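Since the model is a prediction, treat every value here as computed from it, not as a measurement. We count residues from 1, following the sequence as given. Note that ligands are numbered from 1 as they come in the structure, with each ligand's atoms numbered from 1 the same way.
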Amino acid sequence: MTQSVGKLLLFGATGDLAQRMLLPSLYGLHADGLLPAGLTITGTARSDHDDAGYRAFAKKALDEFLPADRKDESALGTFLDRLSYQPVDATRQDGFPALAEKVGDVSGGLAIFLSTAPFLFEPTIKGLESVGLAGDTVRIGLEKPLGHDLASSREINDAVAYAFPEDRTFRIDHYLGKETVQNILALRFGNSLFEPVWNARGIDHVQITIAETVGLEDRAGYYETAGALRDMVQNHMLQLLALVAMEPPARFDGTAIRDEKVKILRSLRRITPAEAPHLTVTGQYGAGAVDGKIVKGYDEELGKDSNVETFVAIKAHVDNWRWQGVPFYLRTGKRLPQRHSEIAIQFKGVPHSIFADRGGLLQPNTLVIRLQPDEYVRLLVMAKQPGLDRDGIRLREVPLNLSLDTEFAGTRRRIAYERLLLDLIEGDPTLFVRRDEVEAQWQWIDAIRAGWEANDIKPKPYPSGSWGPSAGIALTERDGVSWTE
Ligand code: BG6
């Protein structure tokens, strides 16, 4: 089913995600002429707006969240014309007939985007189904959180599957919409250079870091049910790991790529309760300073004591032939010193150094794929320092640098949701997460949580603006590995 729909229905249309990401993304697609000509967008949420009220709401959100160079009054006007609104309390079935009437005929295709609290998923699906908004021409996009463990994610997936078969279900992991994340595939499978060494013979270890400077951000209700492991590792980090580790798929399509990813997710070595204290580290930020500003600790922001982790570091392994003995170090946290997400692939050193007795020191090569804030791919290689070498040869690590910001300077960087919303509208499932992937992810995560509970592991405090608890650093240092910073 790769055919554009004529209508879009947005649940959670007044929420934070809609204001910051979805409306700006849809506007961006509209302004570039990428939305199907007659596509209408119906927003729905509990708040009471009429069409005009919602357009005013959307305009305010766009004023606030669109970058100045993207604002174009005439495009804004024609974009707002696409919008309409119908209030629905999804916990009650009686609002759905009016919603169906508002949306109208869906024979030309409807894409639904569900960005609501998970407890609303089931009644929403039932409501949609009961008024004919779940038929063959309708596909559904689901925003996280899709559960808090394997059992609850199965419940949600079952509730969705009651009305929507897997090929019409699009689970969102917004990291897959990021340009540099897709670039992992281009780099690995569009070049012959890397693949021969992309395995345990060539690679010493892999590091994946997602460091954030933000804290709780008014999301206490959600974050207290999640914590860093569920919020970041279960989804984004494991997807990155799968893209780095997967076997070459036969084709660039949703089935081939997701088949290979799920094999990796199922090959993750389960961390036992006995190993959890050694292979994982959790932390929670205390007061400190980030970006030159004094910030409160997590508990103080929350207004009560909590054992929810805002930092996690894990030493993971993929148990298959390609990756035997190669650690994958994962680290993510809030209130760290800088916002930076990157993957570092550290290759093995040379088998024998001809420079050793001439004073030359060698560093093993590292491939750094930087996702944000800047986007680049950098290969660190050894080069000779210019000179006559009277005191021995000097070598230095220097980067072979592919800056995507410079190389593709004329190409506008899009919000990840622009790509994902367009793929949802056009029905391309490649960058969405399949049910078997989600379940394999939860299985691995649940084992870690069970290990934390069995050992009564509580997050270690770390000052805001630091790189997390010192145990996070020790996790790699005891293997002779330093985190890239
Ligand atoms: C979301 C998490 O999925 O990703 C947030 O819920 C996190 O806690 C965000 O801040 C990070 O996304 P990005 O695109 O800013 O790296």
**Student:** Which of these passes side chain to side chain donor-acceptor pair (under 3.5 Å) with Glu342: Thr180, Thr209, Thr484?
**Tutor:**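 It is Thr484, the one option of Thr180, Thr209, Thr484 that forms the side chain to side chain donor-acceptor pair (under 3.5 Å) with Glu342.
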**Student:** Note every protein N or O atom lying under 3.5 Å from an N or O atom of ligand 1, pairing the names and giving the distance.
**Tutor:**
{"unit_1": "ligand 1", "atom_1": "3 (O)", "unit_2": "Lys144", "atom_2": "NZ", "d": "2.8"}
{"unit_1": "ligand 1", "atom_1": "3 (O)", "unit_2": "His236", "atom_2": "NE2", "d": "2.7"}
{"unit_1": "ligand 1", "atom_1": "6 (O)", "unit_2": "Lys144", "atom_2": "NZ", "d": "2.8"}
{"unit_1": "ligand 1", "atom_1": "6 (O)", "unit_2": "Arg219", "atom_2": "NH2", "d": "2.7"}
{"unit_1": "ligand 1", "atom_1": "6 (O)", "unit_2": "Asp231", "atom_2": "OD1", "d": "2.6"}
{"unit_1": "ligand 1", "atom_1": "6 (O)", "unit_2": "Asp231", "atom_2": "OD2", "d": "3.4"}
{"unit_1": "ligand 1", "atom_1": "8 (O)", "unit_2": "Arg219", "atom_2": "NH1", "d": "2.8"}
{"unit_1": "ligand 1", "atom_1": "8 (O)", "unit_2": "Asp231", "atom_2": "OD2", "d": "2.6"}
{"unit_1": "ligand 1", "atom_1": "8 (O)", "unit_2": "Lys334", "atom_2": "NZ", "d": "2.8"}
{"unit_1": "ligand 1", "atom_1": "10 (O)", "unit_2": "Glu212", "atom_2": "OE1", "d": "3.4"}
{"unit_1": "ligand 1", "atom_1": "10 (O)", "unit_2": "Glu212", "atom_2": "OE2", "d": "2.5"}
{"unit_1": "ligand 1", "atom_1": "10 (O)", "unit_2": "Lys334", "atom_2": "NZ", "d": "3.2"}
{"unit_1": "ligand 1", "atom_1": "12 (O)", "unit_2": "His174", "atom_2": "NE2", "d": "3.1"}
{"unit_1": "ligand 1", "atom_1": "14 (O)", "unit_2": "His174", "atom_2": "NE2", "d": "2.8"}
{"unit_1": "ligand 1", "atom_1": "14 (O)", "unit_2": "Lys178", "atom_2": "NZ", "d": "2.6"}
{"unit_1": "ligand 1", "atom_1": "15 (O)", "unit_2": "Arg339", "atom_2": "NH2", "d": "3.3"}
{"unit_1": "ligand 1", "atom_1": "16 (O)", "unit_2": "Tyr175", "atom_2": "OH", "d": "2.5"}
{"unit_1": "ligand 1", "atom_1": "16 (O)", "unit_2": "Gln372", "atom_2": "NE2", "d": "2.6"}

**Student:** Name the residue from Gln441, Arg266, Glu247, Glu437 that meets the side-chain contact (heavy atoms from CB on, under 4.5 Å) definition with Lys261.
**Tutor:** Glu437
**Student:** Once rounded to the nearest 0.5 Å, what's the spacing between atom OG1 of Thr406 and atom CD of Glu375?
**Tutor:**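 It is 11.0 Å, given to the nearest 0.5 Å.
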**Student:** Is the ring centre of His317 less than 6.0 Å from the ring centre of Phe328?
**Tutor:**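 Not close enough - the centres of the two rings lie 6.0 Å or further apart.
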**Student:** Between Asp428 and Thr430, is there a side-chain donor-acceptor contact under 3.5 Å, judged purely by atom types and distance?
**Tutor:** yes
**Student:** Indicate whether the side chain of Ser152 and that of Glu155 have a donor and an acceptor atom separated by less than 3.5 Å.
**Tutor:** no
